[in-house]
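Below is one structure; the comments refer to it alone.
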Amino acid sequence: MMRHLITLRRIFAAGIKNFFRNSWLSIAATAVMVVALVIVLMAVVLNVVTRSAIAELSTNLKVSVYLQDNTDEALRKELQNEFFTNSNVDKVTFISKEEAQKQFAASFQEDKKLLEGLALIGGNTLPASFEVGVTDLSKLEDVGNTAKQEKYASIVESVSLGKTDVKKTIDRAANAQNFITSASIIAASIFAVVSMLIIFNTIRMAIFTRSEEIRTQKLLGATPGYIRGPFLVESSMYGVIAGIVASSIVLAAIYSLGNKVSGQAEFIESYDFLTKPSTIFAMYAASMLLGILVGIFSSTLAMGRYLKLKHW
Amino acid sequence: MILLDRVTKSYGRKSAALKGINLHVENKEFVVIVGQSKTGKSTLLKLLTREEKPSSGKIIVGGIDYDKLKDKNVPYLRRKIGVVFQDFKLIQKKTVFENVAYALEIVGMGNKEIKHTVPRVLNIVGLSNKADSYPSELSGGERQRVAIARAIARQPRILIADEPTGNLDPKHAWDVIEVLERINKYGTTVLLTTHNQDIVQKLNRRIVTIQDGKVVSDKAGNARGRQTI
């Protein structure tokens, strides 16, 4: 047990030493990996931001159903019930003519002339209505169609799908999200392949320059693990350092951009989420892990091809 | 200690490097293997360190039958055999002390034990005062003695020295041979290959001559070994 620990410590020490011995190659390998990781992290962050912005925009969706004056009470109740039983509806509010008048007056209380004008026309001109809250953007029209059924024609004056321009915004955001996701997957894959190639070659060159040493190690009775270990440590170090640098860059970007947009409702939630300590920790851990995996994968390929440990 | 029974080694279509070699080396024996270059000496040593496998025949070293030895156990076999190379195979960036310690690190020996062992071994080869020197600061003979120190640091039961004097002038060559004799006296079986007739004559040990991949003569020295076949 003790011997294993000693050996493990020596493998780590040798790997770290090799990392610094090939400092230029190490920097190149790490830098390319930083680029790949930054792209991946940015893609994730932008996904989180657009998703939560879409979620934020998707709330407060509503269908307004304006009713005729003097409607049939029973038919109105039936319509209301139909809304209630619809799973895409989260809230149904009935606004009577009086309430509509009050709300209108409240929102235009500054504009005395307008109110006086209305008073001159006389009576209450605003219709009673249902305000129906809808949970899902794509169901907005379905809910609207409920009120457009033939049987309600006698009580419904008109149906308005609220925030129609919001629908366009949401569509655009969703498209952007799709674009960001696919573009970043492509870019990250390219850089991942490039960094794998660079690490592969770095380890290959290290194997060539140390081939005599490796042969001596073999003849002195080193196990394959003892020979491979330092290379794995070396390539994992690219991953660890690249992970830390990439996360720090992305975190800095989140803070600097976040300060500018954090006042807007669409971004509050994602900004809070992204700057939570647990999220930051997860980001560092995940990117280091990803970097280590890429490093180990490519160095294992290089060793499998050039270390020739199968022939003892 | 070492037994080779009708061992043949051939590479591809070329004529065999070793043709049905029989060799038996007793425990604590000192055997000199003589032959011109490319007669199969190096192949023989490579078979013993399991760098290569024989095409046919049986090899048993220290009770280990090579036919039954799995690849994953080869490192543990090599830990029992010390090897000294003609070109030393020292690591230039490491000091004498570190080069010897290196062999001990590989087997997982603790730092404390290493600090205790290395000076003792350097003392045996007469290099106590060179522990902090780098290989490039040493003479050829001294370098070879470092290589010997590294090979014996783990107290192997067998020491294989492949042309250890090949690159040395006569005086340094004798320094190295004397160290090998001392190690043999302590109880290690020594297998030495050389084509230096001067050394062969003066050593007066068992001499096995290989020519064209065959053992052509096997003469006992003064004290040990078998009679001529």
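Order of the sequence lines sets the chain letters (A, B, ...), proteins ahead of strands, with each chain counted from 1.
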Heavy atoms only, distances under 4.5 angstrom: which of B:R154, B:E105, B:K80 has the most pairs with chain A? Name it, please. B:E105

Determine the interplanar angle of the A:Y306 and A:F200 rings, folded into 0 to 90°, and report it as parallel if under 30°, tilted if 30 to 60°, perpendicular if over 60°. perpendicular

For the residue pair B:K89 and B:F85, would you count it as a cation-pi contact if the rule is NZ or CZ under 6.0 angstrom from the ring centre and within 45 degrees of the ring axis? yes

What part of A:R21 gets within 4.5 angstrom of chain B, counting heavy atoms only: side chain, backbone, both, or neither? side chain

For chain B, the option from A:R9, A:H4, A:R3, A:R10 that forms the most heavy-atom pairs under 4.5 Å: A:R10

Looking only at the side chains, is there a donor atom on one of B:N27 and B:R157 sitting less than 3.5 Å from an acceptor on the other? no

Any luck finding a side-chain donor-acceptor pair between B:Y186 and B:Q155 under 3.5 Å? no

